Colleague: 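The structure under discussion is supplied below as structure tokens; questions concerning it will follow.
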Protein chains: 2
Amino acid sequence: MTCSAEYTLQLRARGFRMTSQRLAILHVLRHEGTHLSPGEIYKKALMELPGLTEPTVYRTLEFLAENGLARSSHAGGGRLTYQIAAADHHHIVCRVCKTEIEVEHRLLSSLYHALETASGFKNIGSHVTFFGVCPKCQTN
Amino acid sequence: MTCSAEYTLQLRARGFRMTSQRLAILHVLRHEGTHLSPGEIYKKALMELPGLTEPTVYRTLEFLAENGLARSSHAGGGRLTYQIAAADHHHIVCRVCKTEIEVEHRLLSSLYHALETASGFKNIGSHVTFFGVCPKCQTN
DNA sequence: TGCCTTATTGTAAGTTTTTGCAATAACAAT
DNA sequence: ATTGTTATTGCAAAAACTTACAATAAGGCA
Ligand SMILES: [Mn+2]
Ligand SMILES: [Mn+2]
Ligand SMILES: [Zn+2]
Ligand SMILES: [Zn+2]
């Protein structure tokens, strides 16, 4: 089964519909892999699907994130970016030089458990961005 | 010494200037205590300082956050909110009902240590927003 | 006090993101 | 295949946020 058929079934199971707009955006996210801004996603998806509009891109990205097919992050500054949902991970961004690294969720999972125990919340999600000072900028 | 004089000295020490705009915004943040959007802050500060403009509010909030006098967060949805800098803390927001609780930084200090050891980054900052499902929504 | 440097602000315009609503199209049922 | 229901989209406008640059004013110094 193709991966787009997978996505379609996942949405149908929740009572949602697959559309050409959602497929085009998912295709862009899968193809790029990295975090992308809504504007970048719009430009790329527009080439696959002429007539696609910006409000649809914004709504679709939020929808995909809510339904676990995409992840959103505030990596850079205040602006949201999106990427396809894959292995659980987090980010650390250097406050000085803006370098960004990924951290596997596995490294923090026991501490997430502690957080869940202490707070009573369950199913606390990954893909958090932390800010710190990178090794290179510590020496300068 | 008044707290505004404290703020003034903190800025001067870094080569920055205290202005009526910064004082008005700091006063609003101190008075409210909670997270506020730039628009809310603008409306309140405008009453204290007629003539204040929105671009100044956005720039000032970013400036105050960079210099440790305010904290920014993405608590709600995609939008940034700000609050006065005080005790280190984090937030957990319920994905279902949007209820938000505060978590003392102390609870996460071992997570932060693990993160600093694993990544090599130092001085990783607090005030992170986690998303999960609150106790009440777990039962429903 | 009065001047000088330059950090900071206001203005005006641009860009990004959101919203309400009518038109469209997915897909379940016939 | 045709139809009906309604989730989803496009459109148009509004709201939120950013930018470039000239005007202003904070605060160091004579
Ligand atoms: Mn990521
Ligand atoms: Mn907070
Ligand atoms: Zn760095
Ligand atoms: Zn809840």
Side-chain angles (χ1 to χ4, degrees), chain A residues 4-26 28 35-46 48-67 69-70 72-82, chain B residues 4-28 35-46 48-67 69-70 72-82 98:
Chain A
S4 66
E6 282 274 5
Y7 289 139
T8 302
L9 290 180
Q10 283 187 54
L11 294 188
R12 293 248 184 97
R14 293 167 177 242
F16 299 118
R17 299 171 184 175
M18 182 51 79
T19 65
S20 56
Q21 291 84 351
R22 288 174 180 171
L23 277 175
I25 289 166
L26 281 166
V28 168
H35 294 177
L36 294 168
S37 71
E40 290 166 335
I41 295 164
Y42 169 65
K43 277 183 213 138
K44 290 175 193 294
L46 186 59
E48 298 192 15
L49 186 71
L52 178 70
T53 63
E54 280 175 305
T56 295
V57 172
Y58 282 94
R59 282 182 297 225
T60 299
L61 290 170
E62 193 177 345
F63 168 85
L64 294 174
E66 270 172 2
N67 288 282
L69 276 61
S72 65
S73 70
H74 297 281
R79 296 235 167 105
L80 266 182
T81 58
Y82 292 85
Chain B
S4 66
E6 281 275 4
Y7 290 140
T8 302
L9 290 181
Q10 284 188 52
L11 293 189
R12 292 247 185 96
R14 293 168 178 244
F16 299 118
R17 299 171 184 177
M18 181 52 78
T19 65
S20 56
Q21 290 85 352
R22 286 174 181 172
L23 276 176
I25 289 166
L26 281 166
H27 186 255
V28 168
H35 293 179
L36 294 168
S37 71
E40 291 166 335
I41 295 164
Y42 168 65
K43 278 183 211 137
K44 290 175 194 291
L46 187 59
E48 299 193 16
L49 186 71
L52 178 70
T53 64
E54 280 176 303
T56 295
V57 171
Y58 282 95
R59 281 182 298 223
T60 299
L61 289 170
E62 192 177 346
F63 169 83
L64 294 175
E66 270 173 2
N67 288 281
L69 277 60
S72 66
S73 70
H74 298 281
R79 296 235 168 107
L80 265 183
T81 58
Y82 291 86
K98 312 300 177 193

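Labels below follow one simple rule: chain letters A, B, ... track the order of the sequence lines, proteins then strands, and each chain is numbered from 1. Please read all numbers here as calculations on a predicted model, not as lab measurements. FYI, side chains are in, hydrogens and waters are out, and symmetry mates aren't considered; it's all heavy atoms of this structure.
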Colleague: Should Arg79(B) and His74(B) count as side-chain neighbours, where that means a heavy-atom distance under 4.5 Å?
Modeller: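 No, side chains not in contact.
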Colleague: Treating Arg22(A) as the side-chain partner and Arg17(A) as the backbone partner, does any N or O pair qualify as donor plus acceptor under 3.5 Å?
Modeller: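 Yes; at least one donor-acceptor contact below 3.5 Å.
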Colleague: Do Thr53(B) and Leu46(B) have side chains that get closer than 4.5 Å, going by heavy atoms?
Modeller: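 No; the side chains remain at least 4.5 Å from each other.
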Colleague: Mind grabbing the angle between the end helix axes of the helix from dT1(C)-dA30(D) to dT30(C)-dA1(D)? Five pairs an end, 10° rounding.
Modeller: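 One end's axis against the other's: 30°.
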Colleague: Measure the CG-CZ distance between Asn67(B) and Phe16(B) for me, rounded to the nearest 0.5 Å.
Modeller: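 Asn67(B) CG to Phe16(B) CZ: 5.0 Å, rounded to 0.5 Å.
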Colleague: Just the rounded figure in Å: distance from P of dG14(C) to OH of Tyr58(B).
Modeller: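 To the nearest whole Å, that distance equals 19 Å.
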Colleague: Check Ala24(A) against Leu49(A) and note the closest heavy-atom contact, atom names and distance.
Modeller: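 That closest heavy-atom pairing would be CB-CB, 4.1 Å.
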Colleague: With distance as the sole criterion, is a donor-acceptor pair present between the side chains of Ser73(A) and Thr81(A) under 3.5 Å?
Modeller: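 Indeed, the side chains of Ser73(A) and Thr81(A) share at least one donor-acceptor pair under 3.5 Å.
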Colleague: If each of Gly39(B) and Thr8(B) is mapped to the nucleotide of DNA chain D with the nearest heavy atom, which maps nearer the 5' terminus, i.e. the 5' end?
Modeller: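 Final value for this comparison: Gly39(B).
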Colleague: Rounded to whole Å, how long is the line connecting atom CG of Leu80(A) with atom C1' of dT18(C)?
Modeller: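 In whole Å, dT18(C) C1' lies 13 Å from Leu80(A) CG.
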Colleague: Quick one: are Met18(A) and Leu26(A) in side-chain contact, heavy atoms under 4.5 Å?
Modeller: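 Yes; the side chains approach each other to less than 4.5 Å.
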Colleague: Can you pull every protein N or O that's under 3.5 Å from an N or O on nucleotides 9-13 of chain C?
Modeller:
residue : atom : partner  : partner atom : Å
dT9(C)  : OP1  : Thr19(B) : OG1          : 3.0
dT9(C)  : O3'  : Gln21(B) : NE2          : 2.9
dG10(C) : OP1  : Gln21(B) : NE2          : 3.4
dG10(C) : OP1  : Gly51(B) : O            : 3.4
dG10(C) : OP2  : Thr53(B) : OG1          : 3.1
dG10(C) : OP2  : Thr56(B) : OG1          : 2.5
dG10(C) : N7   : Arg59(B) : NH2          : 2.8
dG10(C) : O6   : Arg59(B) : NH1          : 3.0

Colleague: Tell me, do Arg12(A) and Thr8(A) make a side-chain contact under 4.5 Å, heavy atoms counted?
Modeller: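 A side-chain contact under 4.5 Å exists here.
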Colleague: Looking at side-chain heavy atoms only, is the closest gap between Tyr82(B) and His35(B) below 4.5 Å?
Modeller: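 Tyr82(B) does not reach His35(B) side chain to side chain.
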Colleague: Between which nucleotides of DNA chain D, read 5' to 3', does contact with chain B run, using atoms under 4.0 Å from its heavy atoms?
Modeller: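 Here the contact window of chain B covers dA16(D) to dG28(D).
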Colleague: Restricting to non-hydrogen atoms, name the atom on Pro38(A) and the atom on Leu80(A) that form the minimum distance, rounded to 0.1 Å.
Modeller: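 Shortest heavy-atom contact: CD-O, 3.4 Å.
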Colleague: Please give, in whole Å, the distance from dT17(C) P to Leu36(A) CG?
Modeller: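 Atom-to-atom, Leu36(A) to dT17(C), this comes out as 13 Å.
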Colleague: Assess the pair Tyr42(A) and Tyr58(A): is the distance between their ring centroids shorter than 6.0 Å?
Modeller: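 Centroid distance Tyr42(A)-Tyr58(A): not below 6.0 Å, so no.
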Colleague: Whole angstrom is fine here: how far is it from CZ in Arg79(A) over to C1' in dT18(C)?
Modeller: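 It works out to 14 Å between those atoms.
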Colleague: Round to a whole Å and report the spacing from CZ of Arg14(A) to P of dC27(C).
Modeller: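 To the nearest whole Å, that distance equals 16 Å.
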